[in-house]
Participant: 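Sharing a structure here in structure tokens format.
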Number of protein chains: 2
Amino acid sequence: MKPTIYDIARLAGVSTATVSKVFNNRGSISDKTKKRIMAISEELNYQPSGVASALAGKKTFTIGLLIPDVMNPFFAEMTRHVEDRAHELGFNLVICNTDNNQQKELKYIQLLRQKRVDGIVAATGVSDEKLLKELIKDEIPVALISRDMSVLSASTVLVDDFAGGHAAASYLIALGHRRIGIVTESLDIISSRDRVRGFQDAMDNAGLTLAGDQVKVSDFSPEGGSRAACELLDSTHPPTAIFACNDILAIGVMHAARQKGLSVPLQLSVIGFDNTLLAALSDPPLTTIAQPIQAMGQQVVDLITREINEITSIKQRIVLLPELVIRGSAQEPAT
Amino acid sequence: MKPTIYDIARLAGVSTATVSKVFNNRGSISDKTKKRIMAISEELNYQPSGVASALAGKKTFTIGLLIPDVMNPFFAEMTRHVEDRAHELGFNLVICNTDNNQQKELKYIQLLRQKRVDGIVAATGVSDEKLLKELIKDEIPVALISRDMSVLSASTVLVDDFAGGHAAASYLIALGHRRIGIVTESLDIISSRDRVRGFQDAMDNAGLTLAGDQVKVSDFSPEGGSRAACELLDSTHPPTAIFACNDILAIGVMHAARQKGLSVPLQLSVIGFDNTLLAALSDPPLTTIAQPIQAMGQQVVDLITREINEITSIKQRIVLLPELVIRGSAQEPAT
DNA sequence: TGATAAAGGGTAAGCGCTTTCCTTGTTACA
DNA sequence: TGTAACAAGGAAAGCGCTTACCCTTTATCA
């Protein structure tokens, strides 16, 4: 059987209180006793039961992470950075792939509540407000990453999508592009909408127009991106550059270009968003707007652990600035 | 405060035993009482405490997953499939990114033991045998995926790497290639070695020789793949085809080719291994050897839950066959 | 009709920790 | 020398469940 604190106490000739104190660095225990207890624990390979100590009033040191899908490189990176920081602070991560499906989300949240996780980080899209509100009423800390839900009083970390779209447009305009198309995910998604809005704004400022038919909505897949790009490219006045609202779509756009015999970036410039690993791997490497995903992951964990440790209950809203990463998929338009 | 089983019992006018039985579907409780208890629970939004029930002798319904890095698409996919199956069976997954670093691995294993996870799935490379052996001695079920450690008596799911390498070679040979190079990760990794061996074997069978200098070892990165490919391509008799031991490397190889002005697949055929999402996204789409990663994830969870539920304690070793996925990166050599 | 079993439910002892007082022996200091 | 203060450690209640038994009813049937 696994040794318990009683075993250790008995063998060390002390009470369980003492053993507990040693493991938690509390109270005052003599060095001699400490050493003895540690030695015995070592010998028996004793590991204090996290479940018992959680029940006895401590935390579970577990955080739940709700994301649509780890297979998506963006969320894989997010997961990694969140986990890294959590681990540094002594927390474990249990991951939940919701597929943006409300049913699954509900199921996961229930499970996480039963598990008595100390907090939940949500990056998931649909999230019925009701669900999350209940969590908050339940007093379990919730923090949002990469998704804004202003109705919720929860700490949030996000990137300035508007600025990102703006930066993308500014760059293309500075390169000399005048006819620019956009391929975006559903505009129901706030961040997509903001990216397009930011782009639009920069175009307006430059006195350029963005006709409605220059904005194509696609589902989230490279094929979708290809299809949308084809429509753009087949128009009478095809654009010389395309802004894709995320890297996956951008890759689809590049495929479409190559299929049509257009060279990227010679005949068509492409710029993406997110700067996932994909961007560096694509050929030509993708110029894209980088989300500071590592910083975001770290921050969101810092925020939620602050609440967990009751250092503060003040909700923060951190907005980070995206950054243009120039690689090889955009250049001056051919004359 | 969160309601407890006592609250429910009191409000329903029954004992906690009854409530417990209702939630666990045990004993015999009248429908009327059941309904009443459920109604009250619903109302208070009661969720039985997993930590209490775990302490009281049940499982934690948690499985630990040890992988090198979720950012790696292969492991991201593995994580997804493992999590899917675990979730179906009512288990949560806590993920641990070990970076193949022994220290981190040790730390994670300790944490997982404290958490009293019901089992651990390890896909991680280094794994000091000692570590895992201790787990097994500790009676916590361990299952291996994609890593063979025959010294360990643990259930294992893996792919037949030898057959995969063999298939890759056979395909290239059938296409008419005679001079073929290999770019591989460190041969210390068993699976890499087996892939090369399988490849070698097929070459031998075809009466072809694979000179030692046709096998380049690279670190795990596209840049590494590029470098290795360049060496191959710069030789006096450059190969007409290159087998890369995983998709990431294959992408590096394709970059190198393009850099050298070689068209893939016209002037150089490339074949990868793993069939991660990357393969479909690359341009040209990568012909590669697919690991049945979904099936593997599912199987490993099935194996470990079998042990957890004490259905059996017999260790199994499941070897799945990889499969050639033909896309666009390989064709007949130019004449 | 009396014995018996099944249905419905209760009692209470843990599970392995934490933590709030306590107790006791030392030390320091006026 | 008396006492306050501290260091070292112990007793025991309690965290929220589960479960092995046990106790009533009520139905069953020879």
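Throughout, protein chains are lettered first and strands after them, A, B, ... in sequence-line order, and every chain is numbered starting at 1. Remember, predicted model here, so these are calculated numbers, not experimental data.
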Participant: What is the minimum heavy-atom distance between A:Ser15 and A:Ala9, and which atoms define it?
Facilitator: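 Of all heavy-atom pairs spanning A:Ser15 and A:Ala9, the closest is C-CB, 3.7 Å.
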
Participant: May I ask you to say what B:Ser28 touches in the nucleic acid, namely base, sugar-phosphate or nothing, with a heavy-atom cut-off under 4.0 Å?
Facilitator: base

Participant: Whole-Å distance between D:dA8 C1' and A:Ile37 CD1?
Facilitator: 11 Å

Participant: Just the rounded figure in Å: distance from P of C:dG16 to CZ of B:Arg116.
Facilitator: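 Atom CZ in B:Arg116 sits about 9 Å away from atom P in C:dG16.
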
Participant: Ignoring hydrogens and geometry, is there a side-chain-to-backbone donor-acceptor pair from A:Thr60 to A:Arg116 under 3.5 Å?
Facilitator: yes

Participant: Without decimals, in angstroms, what is the distance between B:Ile5 CD1 and D:dT19 P?
Facilitator: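 Between P of D:dT19 and CD1 of B:Ile5: 11 Å.
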
Participant: Measure from CZ on A:Arg10 to C1' on D:dG10 and round the result to the nearest Å.
Facilitator: 17 Å

Participant: The side chain of A:Ala17 lies closest to which of these nucleotides: D:dG9, D:dC17, D:dA12?
Facilitator: D:dA12

Participant: If you compare every side-chain N and O of A:Ser15 against the phosphate oxygens of D:dG10 (OP1, OP2), does one of them come in below 4.0 Å?
Facilitator: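 Checking D:dG10 against A:Ser15, a side-chain N or O does come within under 4.0 Å of OP1 or OP2.
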
Participant: Rounding to a whole Å, what distance do you find between B:Lys59:NZ and D:dT18:P?
Facilitator: 13 Å

Participant: Using a heavy-atom cut-off of 4.0 Å across all strands, would you classify A:Tyr46 as base, sugar-phosphate, or nothing?
Facilitator: sugar-phosphate

Participant: Distance check: side-chain N/O of B:Tyr6 vs OP1/OP2 of D:dG14, anything under 4.0 Å?
Facilitator: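 No, no such contact exists.
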
Participant: With a 4.0 Å limit, can you tell me whether A:Arg26 has a side-chain N or O closer than that to the phosphate oxygens OP1/OP2 of C:dT18?
Facilitator: no

Participant: Does the side chain of A:Lys58 come under 3.5 Å of the side chain of A:Asn24 through a donor N or O and an acceptor N or O?
Facilitator: yes

Participant: According to a strict under-4.0 Å criterion, is B:Thr18 in side-chain N/O contact with OP1 or OP2 of C:dG10?
Facilitator: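 Looking at the OP1 and OP2 atoms of C:dG10, one of them is under 4.0 Å from a side-chain N or O of B:Thr18.
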
Participant: Whole Å only: how far is the CD atom of A:Gln47 from the P atom of C:dG16?
Facilitator: 15 Å

Participant: Could a donor-acceptor pair under 3.5 angstrom be found where the side chain of B:Lys21 meets the base of C:dG10?
Facilitator: yes

Participant: Please state how far atom CG in B:Leu55 lies from atom P in C:dC15, giving the value in whole angstrom units.
Facilitator: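 Interatomic distance, CG of B:Leu55 to P of C:dC15: 9 Å.
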
Participant: Under 4.0 Å, counting only non-hydrogen atoms across every strand here, what does A:Ser30 touch: a base, just sugar-phosphate, or nothing?
Facilitator: sugar-phosphate

Participant: What is the distance, to the nearest angstrom, from the CG atom on A:Asn25 to the P atom on D:dA8?
Facilitator: 14 Å

Participant: Among C:dT18, D:dT19, C:dC17, which nucleotide has an atom closest to any side-chain atom of A:Ser20?
Facilitator: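 Shortest atom-to-atom distance from the side chain points to C:dT18.
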
Participant: Which atom names give the shortest non-hydrogen contact between B:Val142 and B:Ala154, and what distance separates them?
Facilitator: O-CB, 3.5 Å

Participant: Let me spell it out: for each of A:Val51 and B:Arg36, pick the nucleotide of DNA chain C with the closest heavy atom. Which residue's pick is nearer the 5' end?
Facilitator: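 So the residue in question is B:Arg36.
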
Participant: Between A:Ser53 and C:dG16, does any side-chain N or O lie under 4.0 Å from OP1 or OP2?
Facilitator: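 For A:Ser53, the contact criterion (side-chain N or O under 4.0 Å from OP1 or OP2 of C:dG16) is not met.
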
Participant: Between B:His87 and A:Tyr108, what is the ring plane arrangement, given parallel below 30°, perpendicular above 60°, and tilted in between?
Facilitator: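 Answer is parallel, since the angle falls under 30°.
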
